[in-house]
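Both backbone and side-chain heavy atoms feed into the values below; hydrogens, waters and symmetry mates do not. Chain identifiers are assigned alphabetically (A, B, ...) following the order of the sequence lines, protein sequences preceding nucleic acid strands; residue numbering begins at 1 within each chain.
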Amino acid sequence: MEKRRSFIKDLLQSTEVDRDVNVKGWVRTKRGNKQVAFVAVNDGSTINNIQVVIDIANFDENIVKNITTGASVNVNGLLVKSVAQGQNVEIQAKEIEIYGTADPEKYPLQKKRHSLEYLREIAHLRFRTNTFGAVFRIRHAMAFAIHKYFNDKNFYYLHSPIITGSDAEGAGEMFRVSTLDIENPPKGEDGTINFTEDFFGKETNLTVSGQLEAELGATALSNVYTFGPTFRAENSNTPRHLAEFWMIEPEMAFYDIHDNMDLAEDMLKYLIKYALDNCMDDLKFLENRLLEEEKNKPQNEKSEMKLIEKLEFILKGNFERLTYTEAIKVLENSKPAKKGKFQFPVEWGIDLQSEHERYLVEKHYKKPVILVDYPKNIKAFYMKQNDDGKTVRAMDILFPGIGEIIGGSQREEDYDKLSTRIKEMNIPEKDMWWYLETRKFGTVPHSGYGLGFERLMLFVTGMSNIRDVIPFPRTPKNAEF
RNA sequence: UCCUCAGUAGCUCAGUUGGUUAGAGCACCUGACUGUUAAUCAGGGAGUCGUAGGUUCAAGUCCUACCUGAGGAGCCA
């Protein structure tokens with residue numbers, strides 16, 4: 001009797017009407033009068049709801065009463081052309097089963113729009129909103145597109161370890177992993193904690209980067225990428241940082257820094273195009289949401305482009321590529337520098353501040369910028385040294401509104417140069433023996449980069465807080481859910 | 001971690017130089033309406049004013065500390 005369940009996404013596109021269908025989902029709204037009720041049902045397959053029309057006379061009073069915002073329902077009915085404006089098809093209900101009621105007095109979501117801050121406090125339910133439905137459908141699409149992109153390019157997906165015994169990445173503070181009794185840890189004669197009694201027989205932490213391990217893979221498989229969770233115990237309280245985030249780290253043998261930049265730019269464009277080709281309904285919703293949000297803002301705070309326009313714009317042109325040294329010159333000759341408007345003065349050798357990056361991307365070039373050849377003193381030990389003795393082949397890709405979305409480099413493949421640099425920077429060499437051996441045996445020029453998945457998500461969705469593009473954000477003082 | 005701002009009904013917010021019984025919109029409930037589209041109209045219930053101290057005849061309002069959130073900065077992806 002009961003038809004197989006259809007997804008609402010498919011029914012809304014169907015031209016085959018006057019047939020029995022079954023949908024299962026959650027009630028978004030109910031409208032109507034004594035005779036007829038209109039129930040908007042959503043099953044997550046699309047941002048759009050299907051309208052279920054209930055002839056009240058044909059249904060038990062309790063059923064109709066319990067169809068409230070948030071309730072889960074099983075609907076059998078006839079898919080028909082809608083006689084009213086607003087939707088092409090709707091379902092004339094024949095049977096309705098309520099799986100679970102949602103007490104309207106207590107259900108925290110209303111038909112009306114909520115603030116993102118409030119929804120963050122009910123992250124277990126925020127999936128049921130249009131905004132987060134859209135965001136997480138896009139998040140899936142982006143994750144899928146990343147695998148597809150690399151797979152189509154002969155990259156292998158490499159699982160780098162989550163637990164790491166090396167703290168040499170230098171990418172930030174780490175979370176310790178230990179099974180020792182925290183109240184009463186075993187101690188050596190000198191009073192320090194004896195980690196040889198710990199689970200792994202040594203100090204271990206959650207990974208801050210899979211890069212070093214990816215490099216090992218690349219020295220045999222040629223092209224690999226990692227895509228996994230990454231953990232940083234930094235006390236960062238910004239809309240761009242998480243303590244737990246997802247990072248994509250491709251690593252390519254026989255790639256120099258230019259090949260590296262080409263790949264990174266191509267990949268970003270591919271991902272943005274994928275979103276435009278596959279997530280239009282959700283993007284349109286998010287675009288309207290942004291317009292609504294900016295309605296009351298003063299003109300100078302409004303975005304210059306609408307969301308979809310902004311994404312299409314990225315596809316059109318090439319990213320601006322220049323060296324760090326050239327960027328410093330541009331900044332030195334800029335209006336804000338001459339008027340003393342920068343809070344941090346510009347000079348060769350400094351690490352660029354947010355205000356400098358934003359000037360380059362948002363004011364000067366007005367498009368994504370790739371900076372290369374940074375001073376070696378402000379970059380990591382593994383980056384390939386240039387012949388000038390001052391710079392390394394590092395590259396950062398800066399996006400409008402986001403800042404650094406990708407950081408990467410050509411890696412130093414020369415054993416002597418690398419081990420000298422490790423000594424100079426006081427990195428514990430004994431922990432790095434395996435990394436150094438790849439330079440001892442059949443070393444090759446190679447490159448790679450790290451893409452912050454949530455930063456990509458910020459850009460693609462137009463959301464402004466990184467906590468709203470990951471299902472369960474982990475930030476300082478917050479690990480609820 | 002630093003700087004700034006905020007915390008009042010389920011949600012979003014107003015609340016004057018400190019002064020009667022703390023308000024509005026939405027949501028919710030009840031009623032009306034023969035097809036609604038954030039439905040509409042009428043009525044109703046709803047509050048430990050973030051927490052703890054302090055000043056005062058009197059504190060939502062002033063002071064101190066703390067908690068939580070947001071924005072900016074640093075760290076970075």
Side-chain angles (χ1 to χ4, degrees), chain A residues 28-40 48-57 65 68-70 80 82-87 90 92 102-122 129-130 169-173 208-211 227 229-249 264 292 296 301 343-344 351-355 357-358 378-380 396-399 402-408 449-459 464-470 475-478 480:
Chain A
R28 285 294 175 79
T29 64
K30 181 172 73 171
R31 294 178 292 270
N33 52 45
K34 271 226 164 97
Q35 280 71 37
V36 61
F38 303 94
V39 181
N48 300 306
N49 306 322
I50 199 157
Q51 174 158 286
V52 174
V53 185
I54 300 173
D55 191 347
I56 288 176
K65 207 175 130 200
T68 57
T69 302
V80 294
S82 178
V83 297
Q85 298 286 309
Q87 57 278 318
E90 61 191 19
Q92 283 289 345
D103 183 348
E105 297 269 15
K106 292 179 185 148
Y107 187 60
L109 290 172
Q110 304 168 6
K111 306 181 202 182
K112 225 196 148 184
R113 176 192 179 94
H114 291 285
S115 70
L116 295 171
E117 290 82 4
Y118 172 67
L119 292 172
R120 231 169 269 154
E121 288 167 16
I122 49 166
T129 64
N130 284 332
E169 281 96 338
E173 291 295 309
V208 293
S209 163
Q211 179 201 316
F227 184 0
T230 309
F231 307 89
R232 306 253 168 109
E234 303 285 349
N235 192 6
S236 296
N237 293 289
T238 85
R240 299 181 307 282
H241 289 87
L242 291 164
E244 177 183 295
F245 63 100
W246 288 67
M247 190 154 63
I248 298 101
E249 295 181 288
E292 198 69 28
N296 301 321
E301 283 177 35
Q343 198 191 332
F344 298 89
D351 214 346
L352 294 181
Q353 304 292 314
S354 287
E355 56 177 355
E357 296 181 348
R358 222 177 296 132
I378 59 172
K379 288 291 181 182
D396 283 356
I397 302 188
L398 310 176
F399 258 41
I402 314 286
E404 187 178 341
I405 196 168
I406 278 181
Y449 59 82
L451 165 69
F453 187 52
E454 285 75 18
R455 296 222 175 139
L456 172 76
M457 283 297 299
L458 283 178
F459 188 76
S464 49
N465 192 312
I466 202 163
R467 295 161 199 145
D468 297 329
V469 295
I470 188 167
T475 52
K477 301 272 185 294
N478 184 7
E480 192 71 49

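Between A:Asn465 and B:G71, a side-chain N or O to OP1/OP2 separation shorter than 4.0 Å is present. Side-chain nitrogen and oxygen atoms of A:Ser115 include at least one within less than 4.0 Å of the OP1 or OP2 phosphate oxygen of B:U12. For A:Asn33 and B:G35, the shortest distance from a side-chain N or O to OP1 or OP2 is below 4.0 Å. In this structure, A:Lys111 does not reach the B:C26 phosphate: none of its side-chain N or O atoms is under 4.0 Å from OP1 or OP2. Note on A:Arg113: every side-chain N or O is 4.0 Å or more away from OP1 and OP2 of B:G25. Distances shown here put a side-chain N or O of A:Arg467 below 4.0 Å from the OP1 or OP2 atom of B:A70. A sub-4.0 Å separation between OP1 or OP2 of B:G74 and a side-chain N or O of A:Ser354 is present.
Of the possible donor and acceptor atoms, none in the side chain of A:Glu90 sits under 3.5 Å from a partner among the backbone N and O of A:Gln51. Checking side-chain atoms of A:Glu355 against main-chain N and O of A:Phe344 turns up a donor-acceptor pair under 3.5 Å.
A:Lys34 has its side chain out of reach of A:Ile56: every pair of non-hydrogen atoms, C-beta onward, lies at least 4.5 Å apart. Counting heavy atoms from C-beta on, the side chains of A:Thr129 and A:Leu119 come closer than 4.5 Å. Residues A:Tyr107 and A:Thr69 have side chains in contact (heavy-atom distance under 4.5 Å, counting atoms from C-beta outward).
In this entry B:U4 has B:A70 as its Watson-Crick or G-U wobble partner, both defining distances falling under 3.5 Å. Taking a pair to require two hydrogen-bonding distances under 3.5 Å in either a Watson-Crick or a G-U wobble arrangement, B:U61 remains unpaired. The pairing partner recorded for B:G44 is B:C28, the criterion being a Watson-Crick or G-U wobble arrangement whose two distances lie under 3.5 angstrom. The nucleotide B:U17 finds no pairing partner, because no Watson-Crick or G-U wobble arrangement with both distances shorter than 3.5 Å includes it. In this structure, B:U55 forms no base pair with any nucleotide, since neither Watson-Crick nor G-U wobble geometry is met with both distances under 3.5 Å.
On a pure distance criterion of 3.5 Å, a polar donor-acceptor pair joins the side chain of A:Arg232 and the base of B:A77. The base of B:G74 does not come close enough to the side chain of A:Glu357 for any donor and acceptor atom to sit less than 3.5 Å apart. Between the base of B:G35 and the side chain of A:Glu90 there is a donor-acceptor pair shorter than 3.5 Å. On a pure distance criterion of 3.5 Å, no polar donor-acceptor pair joins the side chain of A:Gln353 and the base of B:G74. For a distance-only test at 3.5 Å, the side chain of A:Glu234 fails to qualify as a donor-acceptor partner of the base of B:U1. Taking 3.5 Å as the limit, the base of B:C11 and the side chain of A:His114 contain no donor-acceptor pair of atoms between them. A:Ser236 contributes a side-chain N or O that forms a donor-acceptor pair with the base of B:C75 under 3.5 Å.
In this structure, A:Glu355 reaches neither bases nor backbone, as no heavy-atom distance under 4.0 Å exists between it and the strands shown. Among the heavy atoms of the strands lying under 4.0 Å from A:Gln110 is at least one base atom, whether or not backbone atoms are also near. Among the atoms of the strands shown, none is found under 4.0 Å from any heavy atom of A:Lys106. Within 4.0 Å of A:Arg28, counting heavy atoms only, lies no atom of the nucleic acid at all.
A distance of about 15 Å separates the P atoms of B:A52 and B:U8, rounded to the whole Å.
A distance cut-off of 5.5 Å between ring centres, combined with a plane angle under 30°, leaves A:Phe453 outside any stacking arrangement with the base of B:A77.
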